[in-house]
**Student:** 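The structure follows.
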Amino acid sequence: MFKKILIANRGEIALRIIRTCKEMGIKTVAIYSTADSESLHVRFADEAVCIGPPASADSYLKIPKIMAAAEITNADAIHPGYGFLAENASFAEVCREYDIKFIGPQPDQIRKMGDKITAKETMIKAGVPVVPGSAGLLKDIKQGKKLAAEIGYPVILKATAGGGGKGMRVVWKEEEFEDQWNMARQEAKASFGNDGIYIEKFIEEPRHIEIQIAGDQFGNVCHLSERECSIQRRHQKLLEESPSPFVTKKLRDAMGKAAIAAGAAIKYEGVGTVEFLVDKHRNFYFMEMNTRIQVEHPVTEEVVDFDLIKEQIKIAAGIPISGKNYLPKGHAIECRINAEDPFNDFRPSPGKITSFHSPKGHGVRVDTHVYAGYLIPPYYDSMIAKLICRAPSREECIRKMQRALDEFIVEGVKTTIPFHQQLMNNPDFQKGNFHTGFLNDFVLEPQEEKT
Ligand code: MV4
């Protein structure tokens, strides 16, 4: 087992990783930018190394500085968390060259899933259902239009280097094809420096449902059921839950088998997520694979009673997984508490937290790095806490979440708490009646002043 792990991240996920390391008897090294010197991950790690100024490009993304920090502290493994370098194949390669274990999949596995066309081709070979579309990159407009006519409108143009919604364009009829094609290419070129485009049938009003998997160094792959992630705004998830109110036993079994086939096809090593689009008839299609631990991993941890960070570390250390699949027991919901103003287009609201009280009680978990007096820096993402509730049924879980949200006090900055309170009261949400477009027509009521 590793003796010392360097955590190449900040915020709640750095703290989350430190907690598991402590429980496993593994020493920890925090890295931090000058904007994060007062952060709890710095305080709770055994050692901490300042690696640069606030901008991520000069600190949390600076590979040579991170490797230097690992060398001087004698760390034998690096956990990348999510975001930053978590899905950077070159970083995983550099770790290998330094003989420091990257806690995550092999570089070629990251690379394969990072390129969307290669990922899709890999899934077709593995027998995983994919959305009907082009086999590979489109050569030109002419080929694109011909394929679109064959597939049938509406279609969607996607960037092969994309993901998370960037460089995507829906085309409803042939007359729009040329304009949308030009815009998709431009956006892809500007965002990724790669203007490779492919085409798919546009699935209308889909749900985003993902399967958590784990694979070990011996070729075993298992699944840990699904997470429902359809409550998103501009491709930013705001709430996740497990199980999905839309998933039947039969669908879970089929999606679980497909996700395992996806992992097995690349001998996947680590924990990962296979994302699917699910249409209203419960047809499911592979969308992307995330080769990292995700923000929303706690909902799975709560319903399968399993520490996913511990599993990542064990897999990286060469310990085999149990081999069985994990089915949800009860229900868990995660609300992302962001320092954003939901009444003002979710505009970021950095600044000092003057007062902070997090909810507590049975079945309530709060993953956070903030405290009263903490200054939220403007340089990084705006998530300040994840509130996760667990209860025997979805209905009870929603009630517990309402209670927990009412107990949550954050003063000094605006937060997404009032958004979640209104979401919990929404009859369609309560019925499980929603898809990825749900928040497009969700109108927040103006907030009432407390008397
Ligand atoms: C789609 C789609 C409909 N049909 N592909 C958005 C993020 C990127 N990973 C893929 N996305 C989509 N791909 C086809 N063929 C609709 C979306 C999509 C979406 C997917 C998941 C969650 C939220 C979304 C919001 C808008 C569009």
Side-chain angles (χ1 to χ4, degrees), residues 1-33 36-37 39-52 59-110 214-220 267-272 291-294 297-298 301 306-322 367 369:
M1 185 42 72
F2 307 114
K3 291 193 171 59
K4 196 189 272 187
I5 295 177
L6 180 141
I7 296 116
N9 216 300
R10 64 180 299 282
E12 66 84 20
I13 192 64
L15 215 46
R16 166 74 191 83
I17 296 161
I18 290 169
R19 286 187 175 128
T20 287
C21 288
K22 283 197 172 168
E23 290 169 12
M24 294 176 77
I26 300 169
K27 292 271 186 255
T28 52
V29 181
I31 57 167
Y32 64 101
S33 75
D36 279 337
S37 56
S39 279
L40 289 183
H41 78 284
V42 174
R43 191 185 288 210
F44 290 146
D46 295 299
E47 293 168 81
V49 182
C50 182
I51 47 141
S59 51
Y60 297 105
L61 290 171
K62 210 76 187 165
I63 296 174
K65 287 187 179 177
I66 296 168
M67 299 320 293
E71 288 264 276
I72 58 167
T73 56
N74 212 13
D76 50 6
I78 296 182
H79 196 305
Y82 52 70
F84 297 124
L85 297 169
E87 289 172 290
N88 186 311
S90 310
F91 180 56
E93 255 160 18
V94 171
C95 290
R96 191 195 270 164
E97 282 159 24
Y98 274 68
D99 204 21
I100 294 173
K101 182 70 189 170
F102 175 81
I103 301 176
Q106 297 299 329
D108 63 299
Q109 299 171 334
I110 300 175
D216 65 18
Q217 297 183 17
F218 310 94
N220 308 303
K267 296 196 167 56
Y268 190 74
E269 226 180 281
V271 310
T291 55
R292 60 170 191 275
I293 189 80
Q294 285 184 278
H297 76 275
E301 295 191 322
F306 196 95
D307 181 335
L308 283 164
I309 303 285
K310 188 174 181 180
E311 202 60 22
Q312 282 189 298
I313 295 170
K314 283 167 66 182
I315 290 167
I319 298 169
I321 62 170
S322 80
D367 281 18
H369 60 293

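Being a predicted model, the structure only gives us computed values, none of them experimental.
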**Student:** Would one find more than 12 heavy atoms of other residues, nucleotides or ligands at under 6.0 Å from atom NZ of Lys65?
**Tutor:**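 Yes, because the 6.0 Å sphere around NZ of Lys65 holds more than 12 heavy atoms from other groups.
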
**Student:** Compare all side-chain heavy atoms of Met24 with those of Phe2 and state whether any distance is below 4.5 angstrom.
**Tutor:**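 Counting from C-beta outward, Met24 and Phe2 never come under 4.5 Å.
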
**Student:** Would you check if the side chain of Gln312 reaches a backbone N or O of Gly270 as a donor-acceptor pair within less than 3.5 Å?
**Tutor:**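 Pair absent, no side-chain N/O of Gln312 close to backbone of Gly270.
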
**Student:** Please report the interatomic distance CD1(Ile17) to CD1(Ile7), rounded to the nearest 0.5 Å.
**Tutor:**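 Result: 6.0 Å between the selected atoms.
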
**Student:** About how many Å separate CD1 of Ile313 and OG1 of Thr20, when rounded to the nearest 0.5 Å?
**Tutor:**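 Result: 6.0 Å between the selected atoms.
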
**Student:** Working to the nearest 0.5 Å, report the span between OG1 of Thr28 and NE2 of His79.
**Tutor:**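 It is 12.5 Å, given to the nearest 0.5 Å.
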
**Student:** Shortest non-hydrogen contact from Ala70 to Ile100?
**Tutor:**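 Here Ala70 and Ile100 meet closest at CB-CD1, 3.7 Å.
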
**Student:** Please tell me if the side chains of Ile110 and Phe102 come closer than 4.5 Å, counting only heavy atoms from C-beta onward.
**Tutor:**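 Contact flag for Ile110/Phe102 side chains = yes.
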
**Student:** To the nearest 0.5 Å, tell me how far Ile31 CD1 sits from Ile66 CD1.
**Tutor:**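 Nearest 0.5 Å value for the CD1-CD1 distance: 4.0 Å.
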
**Student:** Does a salt bridge link Asp307 with Arg16, judged by any charged N lying under 4.0 Å from a carboxylate O?
**Tutor:**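 Looking at Asp307 and Arg16, the cut-off is met.
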
**Student:** For Glu311, what residues pass the side-chain hydrogen bond (donor to acceptor under 3.5 Å, both in side chains) criterion, not counting sequence neighbours?
**Tutor:**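 None.
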
**Student:** Just checking Lys4: does its NZ atom have more than 12 heavy atoms from other residues, nucleotides or ligands closer to it than 6.0 angstrom?
**Tutor:**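 Atom NZ in Lys4 is crowded, with more than 12 foreign heavy atoms closer than 6.0 Å.
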
**Student:** Measure across Met1 and Ala317 and return the closest heavy-atom pair with its distance rounded to 0.1 Å.
**Tutor:**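 Distance-wise, the nearest heavy atoms are CE-CB, 3.6 Å.
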
**Student:** Considering non-hydrogen atoms only, spot the tightest contact between Ile13 and Gly81 and give its length.
**Tutor:**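 Scanning both residues completely, I find the closest heavy atoms to be CG1-CA, 4.2 Å.
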
**Student:** To the closest 0.5 Å, what do you measure between CD (Glu269) and OG1 (Thr291)?
**Tutor:**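 That separation rounds to 12.5 Å.
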
**Student:** Would you find a donor on one side and an acceptor on the other, under 3.5 Å apart, between the side chain of Glu301 and the backbone of Leu308?
**Tutor:**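 Pair found, side chain donor or acceptor close to backbone of Leu308.
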
**Student:** Describe, in one word, how the ring planes of His41 and Tyr60 are oriented to each other, choosing from parallel (under 30°), tilted (30 to 60°) and perpendicular (over 60°).
**Tutor:**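 Aromatic pair His41/Tyr60 classed tilted.
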
**Student:** Looking at every non-hydrogen atom in both residues, tell me the closest pair between Ile309 and Ile293 and how far apart they are.
**Tutor:**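 For Ile309 versus Ile293, the nearest heavy atoms are CD1-CG1, 3.9 Å.
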
**Student:** Can you list the residues that meet the salt bridge (charged side-chain N to carboxylate O under 4.0 Å, His left out) rule with Glu87, with sequence neighbours excluded?
**Tutor:**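 Once residues adjacent in sequence are excluded, the partners of Glu87 under the salt bridge (charged side-chain N to carboxylate O under 4.0 Å, His left out) criterion are Arg292.
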
**Student:** How about Phe91 and Met67: do any of their side-chain heavy atoms sit closer than 4.5 Å?
**Tutor:**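 Yes - at least one pair of side-chain heavy atoms lies under 4.5 Å apart.
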
**Student:** Would you say Lys22's side chain and Phe44's backbone share a donor-acceptor pair under 3.5 angstrom?
**Tutor:**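 Yes, because the side chain of Lys22 sits within donor-acceptor range (under 3.5 Å) of the backbone of Phe44.
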
**Student:** CG/Leu6 to CG/Asn74 distance, rounded to the nearest 0.5 angstrom?
**Tutor:**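 Rounded to the nearest 0.5 Å, the CG-CG separation comes to 11.5 Å.
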
**Student:** Identify the two heavy atoms, one from Ile315 and one from Ala214, that lie closest to each other, and give their separation to 0.1 Å.
**Tutor:**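 For Ile315 and Ala214, the tightest heavy-atom pair comes out as CD1-CB, 4.2 Å.
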
**Student:** When you measure from the side chain of Gln109 to the backbone N and O of Lys267, does any donor-acceptor pair fall under 3.5 Å?
**Tutor:**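 Such a contact is found between Gln109 side chain and Lys267 backbone.
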
**Student:** Could you check whether any side-chain N or O of Asn220 sits under 3.5 Å from a backbone N or O of Ile321, counting only pairs where one atom can act as donor and the other as acceptor?
**Tutor:**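 Flag not set: sc Asn220 to bb Ile321 has no pair under 3.5 Å.
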
**Student:** Run the ring-ring contact (aromatic ring centres under 6.0 Å, His included) test against Tyr98 and tell me which residues pass, sequence neighbours left out.
**Tutor:**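 Once residues adjacent in sequence are excluded, Tyr98 has no partner under the ring-ring contact (aromatic ring centres under 6.0 Å, His included) criterion.
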
**Student:** Counting distance only, does the side-chain N/O of Asp76 pair as donor-acceptor with the main-chain N or O of Lys3 below 3.5 Å?
**Tutor:**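 Indeed, once roles are kept as given, a pair shorter than 3.5 Å links the two residues.
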
**Student:** Using modelled atom types only, decide if a donor and an acceptor are shared between the side chain of Ser33 and the backbone of Gly52 within a distance under 3.5 Å.
**Tutor:**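 No; zero donor-acceptor contacts below 3.5 Å.
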
**Student:** Please give me the minimum heavy-atom distance between Ile78 and Cys95, naming the atom from each residue.
**Tutor:**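 Closest approach of Ile78 to Cys95, heavy atoms only: CD1-SG, 4.0 Å.
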
**Student:** Within a strict 4.5 Å, meaning less than it, do heavy atoms of the Lys27 and Thr73 side chains meet?
**Tutor:**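 No. Closest side-chain heavy atoms not under 4.5 Å.
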
**Student:** Is a donor on one side and an acceptor on the other found under 3.5 Å between the side chain of Asp36 and the backbone of Ser39?
**Tutor:**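 Flag not set: sc Asp36 to bb Ser39 has no pair under 3.5 Å.
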
**Student:** Without swapping roles, check the side chain of Asn9 against the backbone of Pro80 for a donor-acceptor pair under 3.5 Å.
**Tutor:**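 Pair found, side chain donor or acceptor close to backbone of Pro80.
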
**Student:** Just by modelled atom types, is the Ala316 backbone N or O under 3.5 Å from a matching donor or acceptor in the Gln217 side chain?
**Tutor:**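 Between the backbone of Ala316 and the side chain of Gln217 there is a qualifying donor-acceptor contact (under 3.5 Å).
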
